[in-house]
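Here is the structure we will look at.
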Amino acid sequence: MTALFFRDLKLSIRAGGGALIGVLFFLTVVAVIPFGVGPDLKLLSRIGPAIVWIGALLAALLGLDRLFQAERDDGSLDLMLMQETPLVLTVLVKCLAHWTATSLPLVVASPLLGLFMNMNETAIGATMVTLLVGSPAITFIGAVGAAVAVALPRGGLLVSILVLPLTIPVLIFGVSATYAAVEEPAPFLPPFLILIALTLFFAVIGPAAAALALRNTAD
């Protein structure tokens with residue numbers, strides 16, 4: 001499993017630019033917002049957490065279609081299905097490697113992009129923490145879409161269409177927890193705990209559903 005993790009980590013970084021492409025896309029999405037809404041610093045500060053979360057969500061969707069594509073192309077997907085190691089565990093390790101290579105750099109870059117939106121230190125810290133907790137759920141959800149579309153020649157758009165509606169609860173509670181940390185009357189802990197629960201829920205459901213989809217695709 002350790003060898004599989006580092007192998008997928010290298011593939012995720014090499015394929016299509018990996019983390020660099022995701023961070024550049026993240027930067028582009030967040031950087032163009034001030035040009036659209038104008039130079040109102042108070043407005044930028046108010047909508048900043050939501051914009052950073054939306055940018056991170058869209059950037060995280062970029063490489064999901066390649067999660068199982070390399071194994072499909074070189075035939076190692078059949079070996080994964082026949083090995084003694086449970087397929088669910090293999091999918092979980094691949095998801096963790098993909099998150100480390102693509103989503104973790106977005107979390108690291110989020111404080112810098114928060115400065116573009118005139119966010120204060122509390123909002124930047126809350127956004128980074130909620131992204132760190134909530135972004136794995138996006139990867140686990142995306143694994144299901146990637147497994148469903150792995151046999152299709154142009155499955156990238158289909159993966160985004162399948163995954164995006166399912167990630168809305170993660171987006172809602174991630175943004176809600178961030179705003180709760182900034183606004184004094186609103187409690188931070190309830191939405192943050194729900195965000196953690198969503199990540200744990202999809203950490204169980206996502207790999208299992210993806211493994212089932214891969215077996216059906218092979219059949």
Side-chain donor-acceptor contacts of residues 21-35 below 3.5 Å, not counting sequence neighbours, with atom names and distances?
unit_1	atom_1	unit_2	atom_2	d
T28	OG1	L24	O	2.8

For P49 against M119, the heavy-atom pair lying closest together: N-SD, 3.8 Å
Straight-line distance of T100 OG1 to H98 NE2, nearest 0.5 Å: 10.0 Å
Indicate every side-chain donor-acceptor pair of residues 165-176 with a distance under 3.5 Å to a residue at least two apart or in another chain.
unit_1	atom_1	unit_2	atom_2	d
T167	OG1	L164	O	2.7
S176	OG	I172	O	2.7

Minimum heavy-atom separation for C95 to T139, with atom names? O-CG2, 3.4 Å
Any link between L58 and I51 through a network of hydrophobic side chains (Ile, Leu, Val, Met, Phe, Trp, Tyr) touching at under 4.5 Å? yes
Who pairs with S135 by side-chain contact (heavy atoms from CB on, under 4.5 Å), at least two apart in sequence or on another chain? W99, S103, V107
Holding to side chain to side chain donor-acceptor pair (under 3.5 Å), I want the full list of residues that pass it with T130, two or more places apart in sequence or in another chain. W53, T178
State yes or no: do I54 and L43 share one hydrophobic cluster built from I, L, V, M, F, W and Y residues joined by side-chain heavy-atom distances below 4.5 Å, directly or via other members? yes
Does any part of the side chain of T102, heavy atoms only, come nearer than 4.5 Å to the side chain of L62, both counted from C-beta? no
Taking only residues at least two apart or on different chains, which pairs with a member in residues 107-125 satisfy side chain to side chain donor-acceptor pair (under 3.5 Å)? none
Nearest heavy atoms of L106 and A59, plus distance in Å: CD1-CB, 3.7 Å
Apart from V182 itself, members of its ILVMFWY cluster (side-chain separation under 4.5 Å) are none
Donor-acceptor contacts, no H, no angles, side chain residues 186-210, under 3.5 Å, sequence neighbours left out:
unit_1	atom_1	unit_2	atom_2	d
T199	OG1	V133	O	2.8
T199	OG1	L195	O	3.2

Can you tell me if Y179 uses its side chain to pair, donor with acceptor, with the backbone of A123 under 3.5 Å? no
Decide whether M128 and L131 are clustered together by the hydrophobic rule: side chain heavy atoms of Ile, Leu, Val, Met, Phe, Trp, Tyr closer than 4.5 Å, transitively. yes
